[in-house]
There are 2 protein chains.
Amino acid sequence: MDKEFSNIRIVDIAKMAGVSVGTVDRVIHNRGRVSEENRKKVQAILEMVHYQPNLMARSLAASKKQYHLLAVTPSFVQGEYWEAISEGIDKAASEMESYNITITKLFFDQYNNKTFDDIIRNLLHEKVDGVLIATLFTDSVIRLSQELDRNEIPYVYVDSNIGGQHQLAYFGTESYDAGVIAARLLMDRLSSSSDILMARIIHSGKNDSNQGKNRREGFCHYLTQTGFNGNLHEVELKINDSVYNFMKLDEIFEANPNINGAVIFNSTCYILGNYLKARGMQSVKLVGYDLIGRNTQLLSEGVITALIAQRPERQGYEGVKSLCNHLLFKQNSEKVNLMPIDILLKENLKYYLNNKL
Amino acid sequence: MDKEFSNIRIVDIAKMAGVSVGTVDRVIHNRGRVSEENRKKVQAILEMVHYQPNLMARSLAASKKQYHLLAVTPSFVQGEYWEAISEGIDKAASEMESYNITITKLFFDQYNNKTFDDIIRNLLHEKVDGVLIATLFTDSVIRLSQELDRNEIPYVYVDSNIGGQHQLAYFGTESYDAGVIAARLLMDRLSSSSDILMARIIHSGKNDSNQGKNRREGFCHYLTQTGFNGNLHEVELKINDSVYNFMKLDEIFEANPNINGAVIFNSTCYILGNYLKARGMQSVKLVGYDLIGRNTQLLSEGVITALIAQRPERQGYEGVKSLCNHLLFKQNSEKVNLMPIDILLKENLKYYLNNKL
DNA sequence: CTGAAAGCGCTTACAG
DNA sequence: CTGAAAGCGCTTACAG
């Protein structure tokens, strides 16, 4: 690089422009109150020398400033998927504490759009400098985004992306490809005439998530492409009703003994896994998503064949970090940040459990 | 946490102890020249309030200090494995530039122990504040480590670990398990009575690396455990002699038509892949290591079935970072840092290529 | 609109 | 052994 310009300070710029450091500072930050003439002069020099602010000095000098962030994500009980995103947020929060950034986590019910709307109604009643949003309810998120735009408050998305908005950045995966990969993992271990069972969870509050829908599409696309000629069966299960689930599964497996593979497009793979384990059906290959405790346990026992993961901790962590970098250092990250789609087998699981970021 | 103590400064400590900030600073950094009485008084208060230094202020104040790091790794031509580690080092170097840390990369020939010894002989002729070492030549690395210990210069290992030394940290993988995983990936797609070909590269200068040996052991262990009853064949190839390689491979495949799987325990998987591709032998499953360009190309074409990767960029990056954190902030990382063992298929490859850290 | 000065929390000579 | 003072590069009132 231009080594000769690598240590230029504001005082140097000020001298070169024949103004004071205050004026240079005002130009750098567009604080106004500078004559057009001086602004131009300073701007020209800034560009000429490729001025790079000293970030340590900047944050030290501004260290009395307070920032307040909000993170709006689904609530969870211990061991559920959304806990991982929350952990990433906490990690970033604790790292940024010394910069006087505080972060408030607001939780909504992922099966109830209204709980999300209730939160965003009161969101701006106090001072907010940035918002991280889990984008489960598309329409509501768009409404929130537009309001944040009006108030010039930056925001980032995690989980799934939404086009046409002004989010600072998105951190998440390509769900469609995550579905393709599930199919690949299953079909590598099945003959193309085996039957496959696709399970889904039914909820009163909400239909399938975008994630689930996209994964399912990718999954089916792969099967079609690769000449799958078995039958696809579907079953609807309930999140908290094992008796019901076992009954339904008994029914469908008895009626279709050719089912040798199963998949479920969210983190509740353990429901199917527990059934297969209880019934001693080791021969059925099972693929699911997310490294939550109940899944990893069954993976390491060999009941689940493979899990697909998408670095939820990192989504939360980098989401918060990108807001902080924007606020503190005016540094913007990429607008779309796709996490790797990790393939977990029993054999490489342990190296992921301590390496979540 | 102790919120009440969260913003205690050196001046506060000084007042509480009835001394000057200079004395507090001397105690914090063990700079000596403090009476035992004052040292104790200050130390007690430091502990009582859980003093946390302000890192920004510290680095700003010390920003005139210069640090010089060394990175000793194998030389490479473009697209070879060691380029990735080097990229990670460069990334960290550019981030740390503003802290006045410079890093000099020294390269040795990975097939010639003497070139490593030549480097370490002259290593300490100038001022060095930390060293990153690629641990290919165990005995020489131990000798170097002991000399660094004598000079109280911190050092970190990458690639493979060595016990009994005082390295600040190690960044790398568990090669044995990486071998297990290769076997799992292959056997998931083969019948247990298929034959398997293990290829190795022969060099004049050096026998098999630790990495390669460990991976091979893990691989064979998995086969034994899972009741593999095909035959294992071995072939020795040359790194730059396609004519020779094709001849040897033609020979062995013709003699053993039951070979349906192949593996090679280093990054030269493309040699086998190019052969299989040229001969149109799509049915042979091939598993190898490392996301170098020639491998990823064949993976995306479907010639290579799976690649196993171990985040070399991150090894270099975090290795340098841990030296810097030690020097600048007296923060030490974990002593052993095992990278995830990533499983790459054609379908998830692209999400790793832009996510190397 | 402009500049001089104080301050952020730490480290570094320096005088005693 | 100890302390007062200057300085790191930036931001923030404040006076004009």
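Just so we're on the same page: letters track the sequence lines, and every chain starts at 1.
The closest donor-acceptor contact from the side chain of B/S86 to the backbone of B/W82 lies at 3.5 Å or more, if one exists at all.
Look at B/S35 and you'll find a side-chain N or O under 4.0 angstrom from OP1 or OP2 of D/dT2. Residue B/N38 has a polar side-chain atom (N or O) positioned under 4.0 Å from OP1 or OP2 of D/dT2.
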### Query
When you check every protein heavy atom under 4.0 Å of nucleotides 4-16 of chain C, what one-letter string (B, S, -) results, 5' to 3'?
---BBBBSB----
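The structure places CD of B/E313 at 11.0 Å from CE of B/M339, a figure rounded to the nearest 0.5 Å.
Pairing of D/dG3, defined by two Watson-Crick or G-U wobble distances under 3.5 Å, is identified with C/dC14.
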For residues 63-73 of chain A, run the donor-acceptor check on the side chains, cut-off 3.5 Å, and write out each pair with its distance to 0.1 Å, sequence neighbours left out.
| unit_1 | atom_1 | unit_2 | atom_2 | d |
| --- | --- | --- | --- | --- |
| A/S63 | OG | A/L60 | O | 2.7 |
| A/H68 | ND1 | A/K127 | O | 3.4 |
| A/H68 | NE2 | A/T104 | OG1 | 2.6 |

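Closest of all the heavy-atom pairs between A/S322 and A/L168 is O-CD2, 3.9 Å.
Checked against side chain to side chain donor-acceptor pair (under 3.5 Å), B/N325 has no partners two or more places apart in sequence or in another chain.
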